[in-house]
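Below: one structure, written as structure tokens.
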Amino acid sequence: MAVIWIPRALALVLLLSSRSNVSGEGSWCYDRAECGPSTWSTREYCNGKRQSPIDIQSGKAVRNSRLEAITLTGYDDNKKLLEAKNTGKTVDFELGEGLRLSGRGLPAPYAAKSFHLHWGNGDSKPGSEHYIDNRRYSMELHIVHTKNNMSMSDALKDPEGIAVLGFFIEGSRMAREKTAEAWEALTKNLKKVSEKGKDVHLDSSISLLDLLGSPDLTRYYRYPGSLTTPNCNEVVIWTIFPDPILVPPKVVAAFPSELYSTDSSSGPHLENNFRPLQPIGARKVEASASMRAPRSAASLVSPSKPFLLFLFVTTLRPFFPE
Ligand SMILES: *[C@@H]1O[C@H](CO)[C@@H](O)[C@H](O)[C@H]1NC(C)=O
Ligand SMILES: [Zn+2]
């Protein structure tokens, strides 16, 4: 009897564990060896060839003069931040109807659904997911949109189903007053969702644009990538803005100190919720029309100087008597 029953019990355990993997809701984590990012490659798409985040090398980005300013509609409406929820992996802010993103290089208008953040550990450890020229920032804001307002589950099946706007956030005493006020109003809610599973209805007082400050919507990088959490679906058109939003340092400190990753306030703090860099592979990052790449322009000129001098010398040589 035992010989028959043990394999059956095993089969049941395997069946149950593979089911929880397929949903993506399963047992992945950031902070423990058994479920952290190095184990994600076994999940659905996480081992694919267009994964995110990446380190954007400005000198290798291909400038596309067609990539003009993106258009944001409804982002200035201060009635659209509906709810904040601690998911145990981030704090997710649900957005109301009518926020739209469109622009060159996007195949359709996209509707904003939610935004969330990734962070490290306050001042001591930056936690943006993307890097620019090997540099990482304190936090990264992701505004998630679906193509033609499709449902999230449909968007996950379309290679261009999701468009994410990524903004870096940096703690600074130079933060503009209005931007600082908006972020302070937002972070006041963190205490109310400190444990996993808690949510809070937001009072209508700030808009997404208040949080973005005065972003230069003409300056960005664009590349095809994935969700940065399991199942890492390769369905995202990324738009990354290189100029960070400056917020008061206490805002950056609030996220890891006031949020917990379990339903207990004695449990671990919710911190370092970023995925490590992924290989860029054969992909090209595009730079928008108004991105000047001072570093790449400089690197094109300076290595060629000795070369020009060499040409000059070699062409002059025949005129000198031996
Ligand atoms: C967008 O999708 C949501 C959720 O599926 C739906 O309630 C809403 O009516 C849609 N909006 C438009 C403008 O189609
Ligand atoms: Zn994200």
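Each ligand, and each atom within it, is numbered from 1 in the order the structure gives. Quantities reported herein were computed from a predicted structural model and do not represent experimental measurements.
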- Side-chain heavy atoms of Phe115 within contact of Leu211, under 4.5 Å: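 In contact.
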- Would you mind telling me if ligand 1 is within reach of the side chain of Met152, the backbone, both or neither, using heavy atoms under 4.0 Å?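 Looking at Met152 and ligand 1, no heavy atom falls under 4.0 Å.
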- Query: Does the separation of the ring centres of His269 and Tyr260 fall below 6.0 angstrom?
  - Reply: yes
- Validation row, ring centre Tyr30 to ring centre Trp40 under 6.0 Å: yes
- Residue-ligand contact Arg100/ligand 1, heavy atom below 4.0 Å: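 It does not; every heavy atom stays at 4.0 Å or beyond.
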- Item | Distance-only donor-acceptor check, side chains Glu170 and Ser138, under 3.5 Å |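 Judged by distance alone, the side chains do pair up.
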- Can you tell me which residue and heavy atom of the protein come closest to atom 13 (C) of ligand 1, and the distance to 0.1 Å? Glu97 OE1, 3.9 Å
- Task: Return the residue, atom name and 0.1 Å-rounded distance of the protein heavy atom closest to atom 10 (C) of ligand 1.
- Result: Asn149 ND2, 2.4 Å
- Item | Where the Zn ion (ligand 2) is the vertex, angle from His118 NE2 to His116 NE2 to 10° |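 Here the angle at the metal atom is close to 110°, to 10°.
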- Using a strict cut-off of less than 4.0 Å between a Lys/Arg side-chain nitrogen and an Asp/Glu carboxylate oxygen, indicate whether Glu234 and Arg283 qualify as a salt bridge.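 Judged by the 4.0 Å cut-off on N to carboxylate O distance, Glu234 and Arg283 do not form a salt bridge.
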- Item | Carboxylate-amine/guanidinium contact Glu258 Lys191, below 4.0 Å | yes
- Near Lys113 (heavy-atom distance under 4.0 Å), the atoms of ligand 1 are 2 (O)
- Query: Which is the closest N/O/S atom of His142 when seen from the Zn ion (ligand 2)?
  - Reply: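 Result for His142 and the Zn ion (ligand 2): ND1.
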- Item | Sub-4.0 Å protein heavy atom next to atom 5 (O) of ligand 1 |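 No; the ligand atom in question lacks any protein heavy-atom contact below 4.0 Å.
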